[in-house]
Trainee: 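To start, I am sharing the structure in question, which I have written as structure tokens.
By convention in this document, chain letters (A, B, ...) are assigned in the order of the sequence lines, proteins followed by strands, and residues within each chain are numbered from 1.
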Amino acid sequence: DTEVTQTPKHLVMGMTNKKSLKCEQHMGHRAMYWYKQKAKKPPELMFVYSYEKLSINESVPSRFSPECPNSSLLNLHLHALQPEDSALYLCASSQDRAATYEQYFGPGTRLTVT
Amino acid sequence: AQSVTQLGSHVSVSEGALVLLRCNYSSSVPPYLFWYVQYPNQGLQLLLKYTTGATLVKGINGFEAEFKKSETSFHLTKPSAHMSDAAEYFCAVSDGIQGAQKLVFGQGTRLTINP
């Protein structure tokens, strides 16, 4: 099973809402990632978790709060977002943090902030 | 710092024709290189990767890429295009310098297949 699942598939939220994105993998991978992708652009790395600890935060605004409750699950908590945060949010995982391992991507959550 | 340049933001070929998508990289350490494909409204799918060893790498769906260190290139090819190949293609280099893998993506190439 090489699948990364993400829920929900689509999310519309107002600027005062609090919502969460969920990502799950059952491949035994120990590194997990959040990316943001705007239309016609490559994915931009937001966060990296390695062995359930946050190892990279790419200077992401605090209105995005990641959480890794266990080795299979990754959440992204959203609060007080701005319309410019509307994008496709992709989760990925890899066997561990070594550069040789490929990342497996989920299908993404399409977020619209109104 | 690592970087990737994909030459041509849009490539159009006829069905059955050769597909060539160009990727050049810049890296201060031996690179680990990847090609991903993204279909509309979907996530990224790995086509192939180069880490060490054989410089000609075969991937899924009939794609292959050749690592040429002297040219700092990792171009993606497919001998005969199929309509289902229409998608966005990203070349990426892996930067493990910070102790955790960071994928540095090129800007992407949109492949269109003409019937």
Trainee: Give me the one residue out of A:L21, A:T5, A:T109, A:L74 that meets side chain to side chain contact (heavy atoms under 4.5 Å, CB included) with A:C91.
Mentor: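 Looking at A:L21, A:T5, A:T109, A:L74, the match for A:C91 under the side chain to side chain contact (heavy atoms under 4.5 Å, CB included) is A:L74.
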Trainee: Salt-bridged, B:E88 to A:K40, with N to O below 4.0 Å?
Mentor: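 No, B:E88 and A:K40 are not salt-bridged.
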Trainee: Is it the backbone or the side chain of A:Q103 that comes under 4.5 Å from a heavy atom of chain B, or both, or neither?
Mentor: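 Backbone plus side chain of A:Q103, per the 4.5 Å heavy-atom cut-off to chain B.
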Trainee: A:E52: what forms a side chain to side chain donor-acceptor pair (under 3.5 Å) with it, not counting sequence neighbours?
Mentor: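 Side chain to side chain donor-acceptor pair (under 3.5 Å) check on A:E52 returns A:R30.
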Trainee: Counting only heavy atoms closer than 4.5 Å, note whether B:L46 contacts chain A via side chain, backbone, both or neither.
Mentor: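 Looking at B:L46, just its side chain touches chain A.
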Trainee: Using a strict threshold of under 4.0 Å (side-chain N to carboxylate O), is an ion pair present between B:K58 and B:E64?
Mentor: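 Salt bridge flag = yes for B:K58 with B:E64.
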Trainee: Relative to chain A, which segment of B:Q38 carries a heavy atom at a distance below 4.5 Å: side chain, backbone, both, or neither?
Mentor: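 Answer is side chain: those atoms of B:Q38 sit under 4.5 Å from chain A.
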Trainee: Is it the side chain or the backbone of A:Y101 that comes within 4.5 Å of chain B heavy atoms, both, or neither?
Mentor: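 Contact with chain B is through both the backbone and side chain of A:Y101.
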Trainee: Examine whether an atom of B:Y50 lies under 4.5 Å from a heavy atom of chain A, and if so say whether it belongs to the side chain, the backbone or both; otherwise answer neither.
Mentor: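 When you check distances to chain A, no heavy atom of B:Y50 falls under 4.5 Å.
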Trainee: Can the ring centres of B:Y89 and B:F63 be said to be less than 6.0 Å apart?
Mentor: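 Between B:Y89 and B:F63, the centre distance is under 6.0 Å.
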